[in-house]
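The next block holds one structure in the form of structure tokens; read it before the comments.
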Amino acid sequence: MRPERYNFREAEPKWQQVWRARHTFKTQESDARQKYYVLEMFPYPSGRIHMGHVRNYAMGDVVARYKRARGFNVLHPMGWDAFGMPAENAAMQSKTHPAKWTYANIDTMRAQLKSMGLSLDWSREFATCDPSYYKHQQALFLDFLGRGLVARKQSRVNWDPVDQTVLANEQVIDGRGWRSGAPVEQRELTQWFFTITKYADDLLAALDTLERWPEKVRLMQANWIGRSEGLLVRFALAEQSKRTDARELDVYTTRPDTLFGAKFMAISPEHPLARELAQHDGALAEFIADCERRGTSEAAIEMGEKRGYDTGLHAVHPFDANWTLPVYVANFVLMEYGTGAIFGCPAHDQRDLDFANKYGLGNIPVVCPPGADPEKFVITDTAYDGPGRMINSRFLDGMTIDEAKQEVARRLEAQTLGNAPQAERKINYRLRDWGISRQRYWGCPIPIVHCDKCGAVPVPKDQLPVRLPDDVSFDRPGNPLDHHATWKHVACPACGGPATRETDTMDTFVDSSWYFARFTDPWNAEAPITKPVANRWLPVDQYIGGIEHAILHLLYSRFFTRGLRDTGYLDLAEPFAGLFTQGMVVHETYRGASGAWLSPAEVDVEADAGGRRAFAKADGSAVEIGAIEKMSKSRRNTVDPDDIIQSFGADTARWFMLSDSPPERDVIWTEEGVQGAARMVQRLWRVVGELKNAASASGGNGADGETGGAARAVRKAAHSALIKVGEDIERLRFNRCVAHIYELTNSLTEALDEIDSAAIPAELRAAFREAADILVQLFAPMMPHLAEECWADLGHGSPVAEAAWPAADRSLVIEDMLSLPVQVNGKKRADLVIERNADQAAIEAATLALDSVQRALAGKAPKKIIVVPQRIVNVVA
RNA sequence: GCGGACGUGGCGGAACAGGUAGACGCAAGGGACUUAAAAUCCCUCGACCUUCAAGUCGUGCGGGUUCGAUUCCCGCCGUCCGCACCA
């Protein structure tokens, strides 16, 4: 018997078991159908899944189930991005080993994901902290090294002198270590880098080929790579001061045209010249140390107050030997960009202007905006960076900016300083090489041994993996690998003499830069990637994840794939053909009288015509409803997916996460929204039952003429929903799919209301039966358990998860008559119902015959009538 | 600071490619059913004006292009994301 209410507690585990037993989602390598690889960014095993995961994986699952129904051989795997700092923090706080903590979290989260009913091929699961994964990553590192894609060089890190550890930028708060509170220092360390800059041009150019990526992500990456064409100019230093042997200062500029507007030179606090001068200048040393306390993040550097230190040195203007410019050390000049030195032109660069105004250096406008009077054009607080003609610039006067750039480049290339040209044209990138060394335990060990005699020696591949030691302690400050009693002491693989292991581990972004390739054959114990298999599955057809990864993870993966290609592992450059970045899950915040945050579970919310009010469940006291913010532990505005799945079922949670908000935007989690989704689950169960009953009712013999309209209307509603849902899944507009399903349900409910159940003609019965199947198949990708229960109830013998997507009959949705909106002077005045193929003259005549049009014209003669076929009529009076 | 996005009823949002603004859902108000409640079903629901019919205004703000602008352009305001050792 068909129960009145759908029981998700029974149905969800039941159908999950059926799919498992039938291997419904296990991808068969031998399957010859066209492949489709859908992948969601794999989770960090932080402890429990959160609503963001539910949203992300619900979206991917809709695509996977839909594509499977469309006849593709779908690959939809899952794994764990399992190395990272939180495991070490947990180790310090709760004395749990990072591995134990991580694998326990994975067990919990795997069970949670399984309760969502995702159509994943779990047989491919791995964690990046498995030695069987990082072994291959170490091999890849060695291959990249052999191919010249790895470099070793100095770079600066945030150093916490108390905790004896390197700090991430997010761990530097107001210049102090987050745990110790000690002022942060900077240290120069020798570190390993992937030379991503070698691919800068290709990574930039190939962005144009990524047609199924969001435009904004491509733009962000292009700006991140930051290609610029400019000039490297060598300035002579004026005095032969005892303080330095340096004779010149090299700057990189994209605005050589403004050279006659120069007022000062500025070098980074990290510039070698600044370091040299500081050795004999205590005040400068203090200034530099002060700059360093802000940490290494670009945001901190650029947002701070612009400050400088006058070195007393002067640089000579390249076009005038008698013109010298003071040389400052300035905190806003980045060592990583260009040469770490600039010439300042205050009139045409806001940062330079702020600096010049602060130190009374003045400015000379050299670009006059179109229409401005060159005699009167002055700059005070706002720099001008727009187009114009050169002024106050001697031989450049009157030229455009581009002409002036060319002229300066030409002259300086021809001019010599010492024995070399004074300038050269240079293409510069903002992109820097990817530093992968981390002074931490819980990461993939870098397979290198340092030998006094042989230098940095690669660990031979047959000795991989270099395993992390298990017996480590987090009681002491510093890197556990470094102070482990025995781990790092090994024989040099080259000479056999005493040597030490590299104790740095890899950035966890390395782990996630090739996992998508490993998923194609995770069973290969010999090699990281099985080339023909990877070539067949890659690129990922649809990749889905958070916008916060728009730059780093995606750029690193693009680089890594090029590296894999150049080391012979696969034959493609771009790993992700389609990318979708989804928004966050946000929730209201609640604060009690004491100002303490309350969790949604601790609050009752009441609503009536007067608005919404909240009360504490504990004592009934008033609670302030605060801003809607990203779910976070600190605001206590989280909702646990487990609780939701327990109380409402996975289908309800999935449906709600896909409803309402466009997937790329944030979605607000509300109790009312979940309730609405839960109501829809029961409503669908009822409607499918009613459709089934109507379809199998004893027949009536109403004439075709009377019933044809009703049957056709039902079929039209079903097929037009079928077309629209298909199109919207293809474009990942799940919120619209949900709306279409509601619309179809509404029209089917109406049609069911109108029938005389004692006498339903055969044609209408068939239409109801067809509509029932279509409706179930439409929501099956989103609410798969409910769909299976309905599908079985409709008498199908095998799961809807294995059924083919129904074919749509487009002829049903074309109408003979259409309704055209009619405007007069752009304002809508009427609707015109007219035959679909009426010609222009007929439409014009019918339009002018309308009462409302005549009224709006008020006796005036129409000047023009615009008819946009199938769309609109506009009468211009 | 730099880079990127977003802004539509009480709320989330829809509107194909410049062509009916508000689909669909939520909340709210009214009603039916019920001893009662839950569940379910029906009606109303941008603002103003109005007996009705109709009308006026309305997509963050100010301009512009167009027969017609939520959509395109310019300038503001506000919110969010990224900034290289969080993942």
Side-chain angles (χ1 to χ4, degrees), chain A residues 4-5 41 43-44 46 81 83-86 157-158 166-172 214-217 219-220 222-224 226 296-304 306 332 336 350-351 354 430-440 507-509 512 546-553 555-556 581 583-584 586 607-612 630 659-662 664-668 670 672-673 675-677 679-680 682-683 686 727 735-736 738-743 746 749 753 819-831 852 855 863-866 868 871-877:
Chain A
E4 210 156 291
R5 286 182 68 78
M41 291 178 185
Y44 178 78
S46 54
D81 188 12
F83 275 135
M85 281 206 304
V157 295
N158 302 309
V166 175
L167 297 176
N169 284 328
E170 67 160 14
Q171 297 173 324
V172 178
E215 186 56 38
K216 63 173 171 177
V217 175
L219 240 174
M220 284 159 102
N223 289 332
W224 186 261
T296 57
S297 99
E298 199 175 304
I301 291 167
E302 291 198 15
M303 264 187 291
K306 286 162 193 62
F332 65 91
E336 286 84 7
Q350 191 61 47
R351 282 190 303 189
D354 294 343
R430 208 184 73 98
L431 180 68
R432 308 200 294 261
D433 278 336
W434 173 13
I436 59 159
S437 292
R438 297 290 182 272
Q439 296 68 39
R440 305 187 201 288
D507 180 7
T508 56
F509 272 124
S512 54
I547 184 69
E548 67 274 19
H549 294 293
I551 297 175
L552 291 182
H553 162 59
L555 193 62
Y556 290 155
T581 54
M584 295 182 301
V586 296
D608 60 27
R612 301 173 74 246
K630 178 178 182 171
S659 316
D660 290 355
S661 288
E664 69 278 9
R665 242 188 269 179
D666 291 350
V667 62
I668 304 176
T670 60
E672 294 82 8
Q675 301 281 0
R679 270 201 302 274
M680 183 60 171
Q682 295 302 337
R683 185 173 168 213
R686 276 195 311 276
E727 284 171 0
N735 57 319
R736 297 185 11 145
V738 167
H740 301 321
I741 292 169
Y742 271 110
E743 274 179 330
N746 290 346
T749 310
D753 277 351
S819 172
L820 285 180
V822 175
Q823 295 179 335
V824 177
N825 289 330
K827 279 185 199 257
K828 195 205 162 190
R829 297 294 175 183
D831 285 300
S852 43
R855 192 164 49 233
K863 286 198 189 104
K864 185 156 77 160
I865 300 179
I866 294 160
V868 184
R871 280 224 187 255
I872 202 165
V873 181
N874 191 13
V875 181
V876 186

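To find a chain, count down the sequence lines: A is the first, B the second, and so on, and within it residues start at 1. When reading the values below, keep in mind they use all heavy atoms of this one structure, side chains included, and skip hydrogens, waters and symmetry mates.
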Roughly how many Å is it from [atom1] in [X] to [atom2] in [N], rounded to a whole number?
X	N	atom1	atom2	value
L431(A)	C2(B)	CG	C1'	16 Å
N169(A)	A84(B)	CG	P	5 Å
I551(A)	G3(B)	CD1	P	13 Å
F509(A)	C85(B)	CZ	P	8 Å

Between [X] and [N], is there a contact of a side-chain N or O with OP1 or OP2 at under 4.0 Å?
X	N	value
R665(A)	A14(B)	yes
R351(A)	G1(B)	no
N735(A)	A14(B)	yes
K827(A)	U20(B)	no
T670(A)	C26(B)	no
R679(A)	A27(B)	yes
N223(A)	C2(B)	no
R430(A)	C83(B)	no

Rounded to whole angstrom, note down the [atom1] distance from [N] over to [M].
N	M	atom1	result
U59(B)	G22(B)	P	14 Å
C85(B)	C80(B)	C1'	24 Å
G13(B)	G25(B)	C1'	8 Å

May I ask you to say what [X] touches in the nucleic acid, namely base, sugar-phosphate or nothing, with a heavy-atom cut-off under 4.0 Å?
X	answer
W434(A)	nothing
P662(A)	sugar-phosphate
S46(A)	nothing

What residues, two or more places apart in sequence or in another chain, satisfy salt bridge (charged side-chain N to carboxylate O under 4.0 Å, His left out) together with D666(A)?
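So D666(A) forms no salt bridge (charged side-chain N to carboxylate O under 4.0 Å, His left out) with any residue.
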Indicate the ring-plane relationship of Y556(A) and F509(A), choosing parallel, tilted or perpendicular according to the 30° and 60° boundaries.
perpendicular
For R686(A), give me all partners under side-chain contact (heavy atoms from CB on, under 4.5 Å), at least two apart in sequence or on another chain.
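Only Q682(A), R683(A), E690(A) meet the side-chain contact (heavy atoms from CB on, under 4.5 Å) criterion with R686(A).
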Which residues pass the side-chain contact (heavy atoms from CB on, under 4.5 Å) test with I866(A), not counting sequence neighbours?
K864(A), V868(A), N874(A), V876(A)
Using only modelled atom types and a 3.5 angstrom limit, is any donor from either the side chain of Q171(A) or the base of C85(B) paired with an acceptor on the other?
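No pair found.
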Could you list the residues that satisfy side-chain hydrogen bond (donor to acceptor under 3.5 Å, both in side chains) with Q171(A), not counting sequence neighbours?
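Result, side-chain hydrogen bond (donor to acceptor under 3.5 Å, both in side chains) vs Q171(A): none returned.
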Identify all pairs in which a protein N or O lies below 3.5 Å from an N or O of nucleotides 67-77 of chain B, and state each distance.
residue	atom	partner	partner atom	Å
C67(B)	O2	N874(A)	ND2	2.4

E664(A) with K216(A): basic N within carboxylate O range, under 4.0 Å:
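No.
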Reading RNA chain B 5' to 3', how would its secondary structure be written in dot-bracket notation, given Watson-Crick and G-U pairs with both distances under 3.5 Å, brackets [ ] for crossing pairs and | for partners on other strands?
(((((((..(((......[....))).(((((.......))))).(((......)))..(((((..]....))))))))))))....
